[in-house]
Engineer: 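Structure incoming, see below.
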Amino acid sequence: MSNRSRAAILLGTTILAGTACGMAQAQTAAAGSSIETVTVTANKRSEEAKNVPMSISVVGEEQLNKLNIRSYEDLMNQVAGLSVSEADPSHPVLILRGINAGGDGSTVGTYLDETPYGSSNALANGTDTAPNLDTFDMQRVEVLRGPQGTVYGAGAEGGLIKFVTNAPDMTGFDDAFELGASTMAHGGIGNSVRGMFNVAVTDDLAIRVVGFDAHTPGYINSSGTTLGGQNFNVKNANEISNFGGRVSLLYKPTEKISIRFNVLQQQLDDGNDSTEDVVVVNGKIQPAYGDYNQHRTTLSPSGVRYYLYNSTINWDLDFATVTSSTSYTDLHDFSFADDSALLGSNVQGFLHQGKFIQELRLASDPGATGPLDWLVGFYYANEHDGLHQDVVEEFKTPPSAESLNLQSTYIETTGFANATYHVLPNFEIGAGVRYATDSQNSNEGLTVPAVIPVAGGVSSHNILTWSTDARYHLDDQTMVYGRVATGWRPGGPNDLPPSAPAGVPKTFNPDSLINYEVGVKSVMADYNLSFDADVFDIEWRDIQILETVDNFNINGNGGRANSKGAEGNVTWQPLDRLTFDLNASYIDAALSEDALVAGGRNGNALPNSPRWSGTLSGDYEFLPIDRFTPYIGASVHYIGIRGWGFNTNPLAPTAPPGANIIPEGTLPDYATIDVRIGASWDRWSIELYGKNINDAKGIAAFGAFGGSTQATAPNTLAPGGAVGASGLVLKPQPRIPM
């Protein structure tokens, strides 16, 4: 048995708010060695990323640690084409390749190892329930761009983010810990502690335990007068705490069978939303009350609790491997918001989601069945959701006016298969198919104070998705490929208000898309160079959008949209200890038909996806000095202009038609600079890092937020006439990883 241990100390600072986009498709080796390839499980079998016929970004454990990537906000900096729009980290909205039109269902799937996490149900706010997982002691994060409908199914029509944890090590004892401290310009002070230990109990049994407790400083100042008449002024109100851990147990009773149990528990708490009140003056967004200030009748705390339990069994049959994955996920979500302008009070919301998932598949071992590699599988999911909202004056108090309860279920049964045929030693063709059936029902009641049934409904759909690809290896280092793939997102019942017009649909349909992609990948070890590039064209139809009927949000379908663009990544090591990483993406995502019920017209940009984005990074590792190995690095991130949303009225629905409608527009571009310097010795490392040292202020999201009477800024605040001043949001980017 062997004993290993390692430790790290992180010291960080950030100037203002800002992050950006970046990093690479291929993982690099440590400085001082040549470029390496990385193994992924994108197609639910292990294979080198350079041989997978789709666009993939991989962020390995070394990058996760050295760049302090601990959340989606940090990951967005390293993955071209990934956007994150959120009012707080516990409710991230993930966007890949621009596939987002504001609907309540998720377009990006998330996995932790073998377990899908997040809701498939638009009635349970699936768009913002992806788990914002802490990545300490994770082996890698895989980001799969484009529809993954045949392998990963519903809700992955824009792509997939897969967190891969380190399995327990049976060779001996291992431990690691990380201590961190940070300051934030225009904000407070944060700290973190993370740790892991691994124990080989016997030759066939090992356990691995990970824990973390992190506090990210806030930077939003919230002030105002409560509904009870009390004044408040809270500095750095949006402080974030992140606490939890993982336990993994691996048992190998024979050389052919392995059994792994995983448990995850994590809680995220945000003291307030991360928004700033703004006005639009002569088409430009300006702070209404100064930088990083908001006026409210109350603070707006929110949080989420993640629970995941999984058992995965692998049985090697020599010619193929049987995999059974049984999971149960649980989510508890809460939020509190100022809605005084519309309701004269505040609103608290609670969401509970429980989901059982069973997947069984049989995958041939490479080469064991001749030139044909194949995989067949079965998938079953049973999800129950409860959404509860109260009109209250204070958080976690009995409702003062009315309550709304929405209970829903989602059941999916799926069969899938894919295969790759090696036509020639350097030429393969592949195909996949997935057939899914889903059934949903919902029941909504309003208490004012007696319980009044408001709405309910049922729906069911049958969906067939498919993919095909061809890949040609120019040599052992370079592959070109073409891929056509489809994806889908479930429809469902609409819970309509009693006074809804007769013509309002009682259900909304699934939306679907087809992606055409051509690319090239190469890992040229002789030149210490790796690169990949692709172009794509996505046709999206029956896009799901939000509509408003008598102040109730319902789901609808809104015609077609198109997203086309290109992505590229390069990693180059020109000198023995010097590494450069460059990535960039161009995405032109827009409606191709009017979506008038959502305020969208043909040609309007889909929201919150930059047309141009990219990152250039450089890292240099010095020759060892005695026992110390110093290193330095820097990154420049760029986020281009992007549409902020469709032309809708941000004020109360009772506002006169045409009043204070925000003109069509885009959010401005920005760039940030990060630096890092550190040293490693023996089992220790220490790093000092700075994020956004150029003090850039980037607008991450923009639109109507809540309905606070105190957030309303009259037009006289600025010359030129402020439009849409009530409840607009300027959300500074998250700034410091903890």
Engineer: Would you call the rings of Tyr289 and His295 parallel, tilted or perpendicular, where under 30° means parallel and over 60° means perpendicular?
Structural biologist: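 Tyr289 and His295: parallel rings.
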
Engineer: Is it true that Lys396 and Asp390 make a salt bridge, defined as a side-chain N closer than 4.0 Å to a carboxylate O?
Structural biologist: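 No.
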
Engineer: Take Val141 and Leu64 through the test side-chain contact (heavy atoms from CB on, under 4.5 Å) and record every step on the way to the result.
Structural biologist: CA-CA 9 Å; Val141 179; Leu64 294 173; 4.2 Å; yes

Engineer: Measuring from Leu268:CG to Asn242:CG, what's the distance to the nearest 0.5 Å?
Structural biologist: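 If we round to the nearest 0.5 Å, Leu268:CG and Asn242:CG are 4.5 Å apart.
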
Engineer: Hey, could you give me the NE2/OH distance between His186 and Tyr219, rounded to the nearest 0.5 Å?
Structural biologist: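 His186 NE2 to Tyr219 OH: 12.0 Å, rounded to 0.5 Å.
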
Engineer: Does this structure show an ion pair linking Glu687 with Arg676, if we count only N-O contacts that are shorter than 4.0 Å?
Structural biologist: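 Salt bridge: no.
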
Engineer: Looking only at heavy atoms, what is the nearest atom pair of Thr129 and Ala124, with distance?
Structural biologist: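 It is CG2-O, 3.9 Å.
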
Engineer: Distance-only, no hydrogens or angles: does the Asp674 side chain make a donor-acceptor pair with backbone N or O of Asn692 under 3.5 Å?
Structural biologist: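 Yes; judged by distance alone, with no hydrogens or angles, the pair exists.
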
Engineer: Please confirm whether the backbone N or O of Asp581 pairs with a side-chain atom of Ser617, one donor and one acceptor, at under 3.5 Å?
Structural biologist: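 It does not hold such a pair.
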
Engineer: Can a donor-acceptor pair be found between the side chains of Asn293 and Asn221 at a distance below 3.5 Å?
Structural biologist: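 Result is yes, a qualifying pair exists.
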
Engineer: Scan side-chain atoms only and decide if Thr297 and Asp338 contain a donor-acceptor pair under the 3.5 Å cut-off.
Structural biologist: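 Indeed, the side chains of Thr297 and Asp338 share at least one donor-acceptor pair under 3.5 Å.
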
Engineer: Is the backbone of Ser300 close enough, under 3.5 Å, to the side chain of Asp273 for a donor and an acceptor to pair up by distance?
Structural biologist: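 Side chain of Asp273 to backbone of Ser300: no pair is present.
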
Engineer: State whether a side-chain donor-acceptor pair under 3.5 Å links His215 with Asn191.
Structural biologist: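 No.
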
Engineer: Atom CG of Leu331 and atom OG of Ser119: how far apart are they, to the nearest 0.5 Å?
Structural biologist: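 It comes to 9.0 Å.
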
Engineer: So, taking the atom named CE in Met76 and the one named NE2 in His637, what distance separates them when rounded to the nearest 0.5 Å?
Structural biologist: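 Reported value, rounded in 0.5 Å steps: 9.5 Å.
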
Engineer: Hey, does the side chain of Asn346 reach the backbone of Glu393 with a donor-acceptor pair shorter than 3.5 angstrom?
Structural biologist: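 The answer is yes, because a donor-acceptor pair under 3.5 Å joins these two groups.
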
Engineer: Rounded to the nearest 0.5 Å, how far apart are OG of Ser563 and CG of Leu96?
Structural biologist: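 Output value for this atom pair is 10.5 Å.
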
Engineer: So which heavy atom on Gly105 is nearest to which on Arg489, and how close?
Structural biologist: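 Closest approach of Gly105 to Arg489, heavy atoms only: O-NH1, 2.6 Å.
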
Engineer: For a quick check under 3.5 Å, do Asn121 and Gln353 share a side-chain donor-acceptor pair by atom type?
Structural biologist: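 No.
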
Engineer: Ignoring hydrogens and geometry beyond distance, is a side-chain donor-acceptor pair present between Asp669 and Tyr638 at under 3.5 Å?
Structural biologist: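 Present: a donor and an acceptor within the cut-off.
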
Engineer: Take Asn604 and Leu591, measure what side-chain contact (heavy atoms from CB on, under 4.5 Å) needs, and give me the verdict at the end.
Structural biologist: CA-CA 6 Å; Asn604 287 169; Leu591 294 176; 4.3 Å; yes

Engineer: Out of the candidates Gln266, Glu73, His91, only one should pair with Asn132 under the side chain to side chain donor-acceptor pair (under 3.5 Å) rule; please name it.
Structural biologist: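 So, applying the side chain to side chain donor-acceptor pair (under 3.5 Å) to Asn132 and each of Gln266, Glu73, His91, only Glu73 qualifies.
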
Engineer: Quick check against the 3.5 Å criterion: does Asn238 have a side-chain atom that pairs as donor or acceptor with the backbone of Ile220?
Structural biologist: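 It does hold such a pair.
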
Engineer: Dump the intermediate steps for side-chain contact (heavy atoms from CB on, under 4.5 Å) on Arg70 and Glu178, then the final yes or no.
Structural biologist: CA-CA 12 Å; Arg70 298 296 181 226; Glu178 175 190 281; 3.0 Å; yes

Engineer: With side chains defined as the heavy atoms from C-beta onward, is the minimum distance between Tyr689 and Lys66 less than 4.5 Å?
Structural biologist: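 Not touching, per the 4.5 Å side-chain cut-off.
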
Engineer: Looking at every non-hydrogen atom in both residues, tell me the closest pair between Phe334 and Pro301 and how far apart they are.
Structural biologist: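 In this case the closest contact between Phe334 and Pro301 is CE1-C, 4.3 Å.
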
Engineer: Mind running side-chain contact (heavy atoms from CB on, under 4.5 Å) on Asp333 and Asp128 for me, showing each step along the way?
Structural biologist: CA-CA 11 Å; Asp333 177 283; Asp128 62 5; over 6 Å; no

Engineer: Looking only at heavy atoms, which two atoms of Phe508 and Ala122 are closest? And how far apart?
Structural biologist: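 Distance-wise, the nearest heavy atoms are CZ-CB, 3.8 Å.
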
Engineer: Would you call Arg642 and Ser609 a side-chain contact if the rule is heavy atoms closer than 4.5 Å?
Structural biologist: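 They are not in contact (no side-chain heavy atoms under 4.5 Å apart), so the answer is no.
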
Engineer: Find out whether Tyr292 and Ser274 are in side-chain contact, i.e. whether some heavy atom of one side chain is under 4.5 Å from a heavy atom of the other.
Structural biologist: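 Result no, sub-4.5 Å side-chain heavy-atom pair not found.
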
Engineer: Does Glu394, at its CD atom, have more than 12 non-hydrogen atoms belonging to other residues, nucleotides or ligands within less than 6.0 Å?
Structural biologist: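 Check fails, neighbour count at 12 or below.
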
Engineer: Measure the shortest side-chain to side-chain distance between Val84 and Leu94 over non-hydrogen atoms and say whether it is less than 4.5 angstrom.
Structural biologist: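 Heavy-atom side-chain distance check passes, below 4.5 Å.
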
Engineer: Check whether the side chains of Thr275 and Arg296 place a donor and an acceptor atom closer than 3.5 Å, and report yes or no.
Structural biologist: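 Distance-only check passes for Thr275 and Arg296.
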
Engineer: Could you check whether the rings of Tyr586 and Trp612 sit parallel, tilted or perpendicular, using 30° and 60° as the cut-offs?
Structural biologist: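 Plane angle between 30° and 60°, so tilted.
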
Engineer: Side chains of Glu157 and Thr107: any donor to acceptor distance under 3.5 Å?
Structural biologist: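 No, because no side-chain N or O of Thr107 sits under 3.5 Å from a partner of the opposite role on Glu157.
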
Engineer: Heavy-atom distance under 4.5 Å between the side chains of Leu299 and Phe232, does that happen here?
Structural biologist: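 The answer is yes, as the side chains (C-beta and beyond) meet within the 4.5 Å cut-off.
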
Engineer: Please identify which of these residues, Ile95, Ile161, Val108, meets the side chain to side chain contact (heavy atoms under 4.5 Å, CB included) condition with Leu82.
Structural biologist: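 The single option meeting the side chain to side chain contact (heavy atoms under 4.5 Å, CB included) with Leu82 is Ile161.
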
Engineer: Is any side-chain heavy atom of Phe212 closer than 4.5 Å to one of Val193?
Structural biologist: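 Side chain of Val193 against side chain of Phe212, heavy atoms only: no contact under 4.5 Å found.
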
Engineer: Considering non-hydrogen atoms only, spot the tightest contact between Ser90 and Pro92 and give its length.
Structural biologist: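 Taking Ser90 first and Pro92 second, the nearest heavy atoms are C-CD, 3.4 Å.
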
Engineer: For Ala671, does its backbone N or O pair with a side-chain atom of Asn694 as donor and acceptor, under 3.5 Å?
Structural biologist: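 Here the side-chain-to-backbone pair exists.
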
Engineer: If you round to the nearest 0.5 Å, how far is CG of Leu67 from OG of Ser635?
Structural biologist: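 The OG atom of Ser635 sits 6.0 Å away from the CG atom of Leu67.
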
Engineer: Under the 3.5 angstrom rule, does the side chain of Ser345 hit a backbone N or O of Val392 as a donor-acceptor pair?
Structural biologist: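 The answer is yes, because a donor-acceptor pair under 3.5 Å joins these two groups.
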
Engineer: Are Leu387 and Leu123 side-chain neighbours, meaning at least one heavy-atom pair lies under 4.5 Å?
Structural biologist: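 Leu387 does not reach Leu123 side chain to side chain.
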
Engineer: Does Asn562 use its side chain to pair, donor to acceptor, with the backbone of Ile538 at less than 3.5 Å?
Structural biologist: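 Checking the backbone N and O of Ile538 against the side chain of Asn562, a donor-acceptor pair under 3.5 Å is found.
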
Engineer: Ignoring hydrogens, what is the shortest heavy-atom contact between Gly188 and Asn236? Give both atom names and the distance.
Structural biologist: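 Closest approach of Gly188 to Asn236: N-ND2, 3.7 Å.
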
Engineer: Do Ser302 and Ser335 meet the criterion of a side-chain donor-acceptor pair at a distance under 3.5 Å?
Structural biologist: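 Note: Ser302 and Ser335 side chains miss the donor-acceptor criterion.
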
Engineer: Side chains of Arg145 and Ser57 only: does a donor on one sit below 3.5 Å from an acceptor on the other?
Structural biologist: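 Yes, side-chain donor-acceptor contact under 3.5 Å.
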
Engineer: Would you check if Arg611 and Asp588 make a side-chain contact, meaning some heavy-atom pair closer than 4.5 Å?
Structural biologist: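 Contact flag for Arg611/Asp588 side chains = yes.
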
